[in-house]
Each structure stands twice: as structure tokens, then as C-alpha cells.
Amino acid sequence: MTDQELERLAQGYRAFVSEAAVESPVYSGLAAAVAGDRDVLRFLAGLPPGRRQPTLLFAALRFLGGVPADGAALHERVLSDSQRLDATMRARATQTNEPARCAALLPALATIGGSLALVEVGTSAGLCLYPDRYSYEYDGRPVGPRQDVHLRCTTSGPVPLPSGLPQVVARIGIDLNPLDVTDPDDRAWLRALVWPGPVESERLQRLDAAAAVAALDPPVLLAGDLVERLPAALALVPAGATPVVLHTAVLPYVPEDRRTAFVEQVRGLPVRWVAQEGAGMVPGTGRQFRGGWGPYFVLSIDGRPVARTAPHGGRIDWLDEGSPGPVRPGADPDRSRGSSGRTRSPR
Ligand SMILES: C[S@@+](CC[C@H](N)C(=O)[O-])C[C@H]1O[C@@H](n2cnc3c(N)ncnc32)[C@H](O)[C@@H]1O
């Protein structure tokens, strides 16, 4: 590994310092320490590309022995436990499952209505397949009887809030590596993926409660690539149900050619399509939103952008008809994004 390559790795960690500053000051500080620690950078360089990122390193450390107190503790852990750390970072992936995203999905599902067969690609442990088992509060207005997973969301614009919960008759998930909420190691990994910080205990509580819901009535999970497994998943949809292909925070992880193949595939199928992804990940959703998309996701139905949503589902800004406005040259992430399509660290 040359000095130049180590410097490139350090740069990735330096970029993460500001990215995590608000959500996780602890990880922000650890990332700064890693960027200046040549021993740790050398350890990371021994991993395959795509397995060296801060989110994976910190989750693996947390999984194996808790969050290091500071850069010195991280240094010591990496050097003394390098074999287990290496094995964990090769075997595991960043596949955070955030059930709170259901608060943003609910209005989209409500516009579809009827008996829904949810087919979620990039499902992780499938915790977004239970929108009907959670309760909601939109600007204080409740939807559904109170449940252990209770999701609060602020809104603006004409959000089509439902009066009740959707009728979900099938829950089918596809993932390269589906996580099993009944497996203690997978549960521990899901918990390790949550960042330490101001919203950590709320997120862990929600994760545990949602995992308990899923464990009582597990979804059907298919292992494999979303394009390859979609036909098999759709074959499981019961007669009379409306198949809804669903995904949230998945497409940045999918190589561009596979992403294109997936979009073409879904467009050609007799299904409804609900996506919550970064701007431009679904073609046609990168158009400039008044005030910009910022770190927000775009909620789209059948490829049409309908709302701007907070990445973890706590806010929805529904678009007025025509609100995205004209495309400014160079401002469309559909066209300006690099081939990885990634704007933030994978998580
Ligand atoms: C950030 S997680 C999001 C999980 C879940 N959708 C959520 O929002 O809570 C992204 C998931 O996509 C999965 N994934 C990435 N590429 C995939 C592919 N080509 N086919 C199927 N799943 C994939 C990953 O394994 C991971 O579980």
C-alpha cells in the first residue's frame, strides 16, 4: 500500500468527520483519529475496497466490544483484535434497517389502497414490511391504534394522510444478505449499526420493538440480487392482492448498470412502485425541489416524485402539483452524480 493510497483512505475518513458531526459526535471524533493513525489505515488497506468505510469499521468494533472511548482506545482495539475485526468486516455489511421510514411510506401506500402485497427489495431484516403493525402521529394527529412502534412525523403540504392503516396481505423481502431477527447475532449486528449519539436510544428502542413485531410473524425473505430475485418474489403474491414493489435507502448500494436494469424491469411489470431514495436515484426524481433536496430523500410513486422526506422518516414535505420546478442545467443529480451515485457514506 503506497502513501498515496493511505492518504486516499484518510481522506474518506476526514470527509466522514463532518458528515457524522451532528448525528454522532463520537463517530465524528473517531473518524478524525483514524485519518491520522497510520497503523489503523494500514489495517483498513488490507481489506477489499468497499469494506474499508467508517460505518463498517465502527459497527464492527461496536459489535465485537462496544464503541471505543477515543482514538487511542480504537488504535489499541484494532491492533489487538485485528483478526476478528478483519473477519467481521469481510462477513458483514452496512445494512441498517430503520422502521421509522414507514411513516413516510404510509401516505404513499394509502394512495394505492386495497389489499397490498409488499415486495421490498433491499429489505435487510424486513422491518419496513410492517407498516400496518406500527402506529403513527402526523403533527400530533394519530393514525392507527397505539403500538410499541409509534412513529412521529412532521409534515408540510397536502400529504394524503390516511384515516386508517393499510391492509397488508403479504410481506416479501429480497436482500443480498437478509438478516434474521430471530437470530441473536443478526439482532446484535442490527443494533451495532445504529450510531451512538443524540437519537441513539430512541432508535435502539424502536429497532427492538420492530424486531419483536417481525419475530412474531416473520416475512418471507429471499436471498439474492434484486433484479434476479424479483420474479420469484412476485410469484409469491396472492391472487387478488396488489403487488407493491418497495425500496428505501437501497439504490446507492446497487452498481449503476444493475440499478438501470432494475428500473427497466419494474417499469415493465404490472406492479405499483413506491421508492424512498436519494434525489435522482430513481430516474426523473432529481429535479430541483424548491429550497433544494439537501440531505432529504425523494418519495416517489410509480417513478413520479411526490414528496421530500427525512432520511429516517421523521418529516414529509409533500410536493404541490408541479412543485419540483424546472431542471437547472447541472443541477440535476440524475445527470451530475458519479457512477457510484453515492452522496453519503453507506449506512
Ligand atoms: C441501507 S440498507 C436499507 C435497508 C432497508 N431498506 C431500510 O430502509 O431500513 C440497504 C440494503 O440493501 C441491500 N442491497 C444492496 N444491494 C442489493 C442488491 N443488489 N440486491 C438486493 N439487496 C441489496 C443491502 O444488503 C442492505 O440490506
Side-chain angles (χ1 to χ4, degrees), residues 23 50-51 53-56 59 90-106 108 118-131 134 149 151 171-181 183 186-187 189-195 203-204 206-211 213-214 219-234 244-266 273-278 281-282 295-299 309-314 340-347:
E23 199 177 325
R51 297 268 158 195
Q53 69 269 32
T55 42
L56 185 57
R90 285 172 193 269
R92 295 272 178 190
T94 47
Q95 38 183 158
T96 308
N97 205 179
E98 181 44 86
R101 291 183 174 132
C102 285
L105 299 175
L106 197 76
L118 303 182
V119 177
E120 189 191 12
V121 302
T123 195
S124 182
L127 302 182
C128 294
L129 284 167
Y130 297 82
Y134 306 151
V149 181
L151 307 176
R171 308 169 206 281
I172 303 155
I174 300 172
D175 203 285
L176 285 177
N177 175 43
L179 294 178
D180 175 2
V181 291
D183 177 286
D186 281 0
R187 279 280 274 270
W189 180 248
L190 283 167
R191 294 187 109 248
L193 286 166
V194 174
W195 294 8
R203 291 191 69 193
L204 286 174
R206 188 162 60 227
L207 176 65
D208 290 342
V213 169
V220 176
L221 297 181
L222 306 183
D225 175 72
L226 74 186
V227 174
E228 279 155 27
R229 299 299 269 152
L230 190 55
L234 289 171
V244 181
V245 174
L246 186 71
H247 50 97
T248 157
V250 173
L251 295 188
Y253 298 82
V254 180
E256 199 169 13
D257 57 332
R258 299 305 282 164
R259 209 157 64 213
T260 305
F262 171 70
V263 167
E264 289 309 310
Q265 184 184 29
V266 177
W273 178 25
V274 174
Q276 195 188 8
E277 297 284 353
M281 284 285 112
V282 170
Y296 286 74
F297 283 1
V298 184
L299 180 68
T309 68
H312 290 158
S340 79
R342 229 169 234 159
T343 51
R344 291 166 66 83
S345 295
R347 56 174 89 182

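Start at 1 and go down the list; that is how both ligands and their atoms are numbered.
Of all the listed residues (T96, N177, L193, T55), T96 holds the heavy atom that lies closest to atom 3 (C) of ligand 1. Around atom 18 (C) of ligand 1, the closest heavy atom drawn from D175, L176, L207 belongs to L176.
Of the possible donor and acceptor atoms, one in the side chain of R101 sits under 3.5 Å from a partner among the backbone N and O of P311. In this structure, the side chain of E98 engages the main chain of A100 through a donor-acceptor pair within 3.5 Å. Side-chain atoms of R171 come within 3.5 Å of backbone atoms of L129 as a donor-acceptor pair (strictly under, hydrogens ignored). With hydrogens and angles disregarded, a donor-acceptor distance shorter than 3.5 Å links the side chain of S124 to the backbone of Q95. Remark: the backbone N or O of R92 is paired with a side-chain donor or acceptor of R51 at under 3.5 angstrom.
Of all the heavy atoms of R258, none lies under 4.0 Å from any atom of ligand 1, so neither backbone nor side chain is involved.
The N97 neighbourhood of ligand 1 comprises atoms 5 (C), 7 (C), 9 (O), with distances under 4.0 Å to a heavy atom of that residue. The contact set between ligand 1 and R101, taken as ligand atoms under 4.0 Å from a residue heavy atom, comprises 7 (C), 8 (O), 9 (O). Residue A249 approaches ligand 1 through these ligand atoms, each under 4.0 Å from one of its heavy atoms: 1 (C), 2 (S), 3 (C), 10 (C). Below 4.0 Å from some heavy atom of V250 lie the following atoms of ligand 1, by number and element: 6 (N), 12 (O). In summary, the atoms of ligand 1 found under 4.0 Å from a heavy atom of D225, numbered by their order in the structure, are 18 (C), 19 (N), 20 (N). Within the listing of ligand 1, atoms 20 (N), 21 (C) sit less than 4.0 angstrom from a heavy atom of G224. For ligand 1 and S124, the ligand atoms under 4.0 Å from any heavy atom of the residue are 4 (C), 27 (O).
In this structure, E120 is part of the shell of residues with a heavy atom less than 4.0 angstrom from ligand 1.
Taking every heavy atom of both residues into account, V213 and V149 meet most closely at CG2-CG2, 4.5 Å. The shortest non-hydrogen separation linking T123 to N97 is O-OD1, 3.5 Å.
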